[in-house]
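One structure is given here, and the rest of the page talks about it.
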There are 2 protein chains.
Amino acid sequence: MQQEIVLAMLAKEPSYGYQLRARLRDALGPLGDALNAGQIYVTLTRLEKAGLLAVERSADGGDRSDRKVYVLTPDGQQRVAEWIAEVNWPKPDLAEFHLKLIAASSAGLADPVTIVDIQRRELLRRLRDAQRAAMAEPRHSNAALLLEGVVLRLQADLRWLEACEKNWTHRRSGS
Amino acid sequence: MQQEIVLAMLAKEPSYGYQLRARLRDALGPLGDALNAGQIYVTLTRLEKAGLLAVERSADGGDRSDRKVYVLTPDGQQRVAEWIAEVNWPKPDLAEFHLKLIAASSAGLADPVTIVDIQRRELLRRLRDAQRAAMAEPRHSNAALLLEGVVLRLQADLRWLEACEKNWTHRRSGS
DNA sequence: AGCCCCATGTCTAACGGTTAGCCCCGTCGC
DNA sequence: GCGACGGGGCTAACCGTTAGACATGGGGCT
């Protein structure tokens with residue numbers, strides 16, 4: 001997944017690691033800060049080993065730092081084209097929380113409704129943060145669009161938490 | 001993440017691998033079919049190596065199959081308690097799609113609006129599937145609740161796709 | 001001059017999730 | 001006898017992720 005992202009970024013223009021990282025951060029806006037620097041290099045070397053990338057030592061100008069500039073091989077270009085055409089929407093990963101409620105309840109470790117409440121507080125906090133961050137971005141920018149998606153997701157998750165609370169209070173009184 | 005889930009399941013009652021898998025499938029309903037059987041054993045052995053689980057050879061009854069029944073160690077119990085108390089909501093992973101649009105557009109590989117359209121069709125399909133699956137589950141069951149979360153998420157994602165489409169058509173005409 | 005912090009830039013070890021696929025064994029049907 | 005199938009268990013290998021190590025060079029402070 002991240003491999004394809006790196007490939008796609010290099011499809012626009014060859015870059016060396018740090019440059020690539022900067023371009024990614026730029027495209028993601030404030031959410032780009034979560035990226036781990038090391039990840040880029042791990043991915044680049046693995047892609048090179050797989051033959052999807054090639055290295056072009058930068059011997060240009062007076063640049064004495066031996067940066068490795070990566071470019072796509074034909075295989076890499078094909079891979080990018082395939083990725084663009086693919087549908088790969090992430091499956092919702094609600095299972096973890098759901099199983100936490102079940103486990104807490106059935107093993108008598110904690111009150112599910114309390115857990116739901118804690119999570120709701122956290123999501124509300126994140127929602128405020130995301131809305132504030134979205135406000136700070138220029139209208140119609142990449143980052144603003146991405147943040148809008150985050151906000152919509154959080155709102156949906158909060159609505160699900162409401163449903164969880166209703167369900168588990170109902171069970172508590174029901175059984 | 002999955003480690004904690006396995007631990008929490010074993011907090012309710014000790015089990016051997018296949019049993020655990022069955023209990024997980026049961027708790028997740030139709031979504032449990034996506035689980036990979038091998039994963040459970042990988043996780044169990046890693047947890048045992050970490051000292052969070054211990055093995056109890058089942059010498060019970062006439063059961064000649066040498067199943068390994070796993071039970072929590074005190075460390076394991078503490079780990080479960082910590083996990084229950086933690087807030088660990090998954091971060092929305094919209095970045096991949098977002099970067100796909102950017103890459104496709106900036107490298108001139110495909111039309112972003114077309115990509116959005118393809119994804120929307122897929123999400124609508126999944127939404128229908130999830131709603132149908134939810135209808136097939138008993139009211140107030142675990143599986144029904146989980147599926148409701150999936151539906152809410154998909155609806156939010158579809159709304160985000162609308163926003164993406166507006167944004168990118170706007171850019172196309174704007175630049 | 002000496003010093004320290006910070007940004008740039010790269011890399012590695014190690015862990016954890018995921019997958020595909022192999023293995024044994026018993027049972028049921030043909 | 002034989003094959004299919006399901007229960008039950010396991011492994012190799014890949015990939016994502018993280019916390020750090022390492023090197024360099026410039027700017028500011030004393």
Do you know which two heavy atoms are closest between B/E137 and B/R139, and how far apart they sit? O-NH1, 3.3 Å

Residues within residues 13-29 of chain A bordering DNA chain D, heavy-atom distance below 4.0 Å: none

Fellow cluster residues of B/I118, listed by chain then number, with links counted only when side-chain atoms sit under 4.5 Å apart: A/V87

What donor-acceptor contacts under 3.5 angstrom involve side-chain atoms of residues 141-154 of chain A, with partners at least two apart or in another chain?
residue, atom, partner, partner atom, Å
A/S141, OG, A/P138, O, 3.0
A/S141, OG, A/A144, N, 3.1
A/N142, OD1, B/R171, NH1, 2.9
A/N142, OD1, B/R171, NH2, 2.8
A/R153, NE, B/D157, OD1, 2.9
A/R153, NH1, B/D93, OD1, 3.4
A/R153, NH2, B/D157, OD2, 3.0

Quick check: do A/R79 and A/L72 have side-chain heavy atoms less than 4.5 Å from each other? no

In whole angstroms, the gap separating P of D/dT11 from CD1 of B/I40 amounts to 15 Å

Contacts satisfying salt bridge (charged side-chain N to carboxylate O under 4.0 Å, His left out) that involve residues 104-128 of chain B (not counting sequence neighbours) are B/D111-B/R172, B/D117-B/R120, B/D117-B/R121, B/R120-B/E162, B/R120-B/E165, B/E122-B/R125, B/E122-B/R126, B/R125-B/D129

Minimum side-chain heavy-atom gap B/L35-B/L28 below 4.5 Å: yes

Short side-chain to backbone donor-acceptor contact, B/S105 and B/P112, under 3.5 Å: no

Whole-Å distance separating the NZ atom of B/K68 from the C1' atom of D/dG9: 8 Å

Do A/R23 and A/S15 come close enough that some side-chain heavy atom pair is under 4.5 Å? yes

Just do the side chain to side chain donor-acceptor pair (under 3.5 Å) check on A/W160 and A/Q155 with the steps written out, would you? CA-CA 9 Å; A/W160 184 55; A/Q155 288 170 342; over 6 Å; no

CD1 of A/I5 versus P of D/dC15: gap in Å, rounded? 15 Å

Residues from residues 75-95 of chain B sitting under 4.0 Å of DNA chain D, heavy atoms only? none

Measure from OH on A/Y41 to C1' on C/dA13 and round the result to the nearest Å. 18 Å

Whole-Å distance between C/dA7 C1' and A/R67 CZ? 13 Å

Can any side-chain N or O of A/K68 pair as donor or acceptor with the backbone N or O of A/G17 at less than 3.5 Å? no

Quick check against the 3.5 Å criterion: does B/T43 have a side-chain atom that pairs as donor or acceptor with the backbone of B/Q3? no

Interface polar pairs with nucleotides 16-20 of chain C, N/O, under 3.5 angstrom:
residue, atom, partner, partner atom, Å
C/dG17, OP1, B/M1, N, 2.6
C/dG17, OP1, B/Q2, N, 3.1
C/dG17, N7, B/R46, NH2, 2.3

Separation of D/dT11 P from B/L44 CG (nearest whole Å): 12 Å

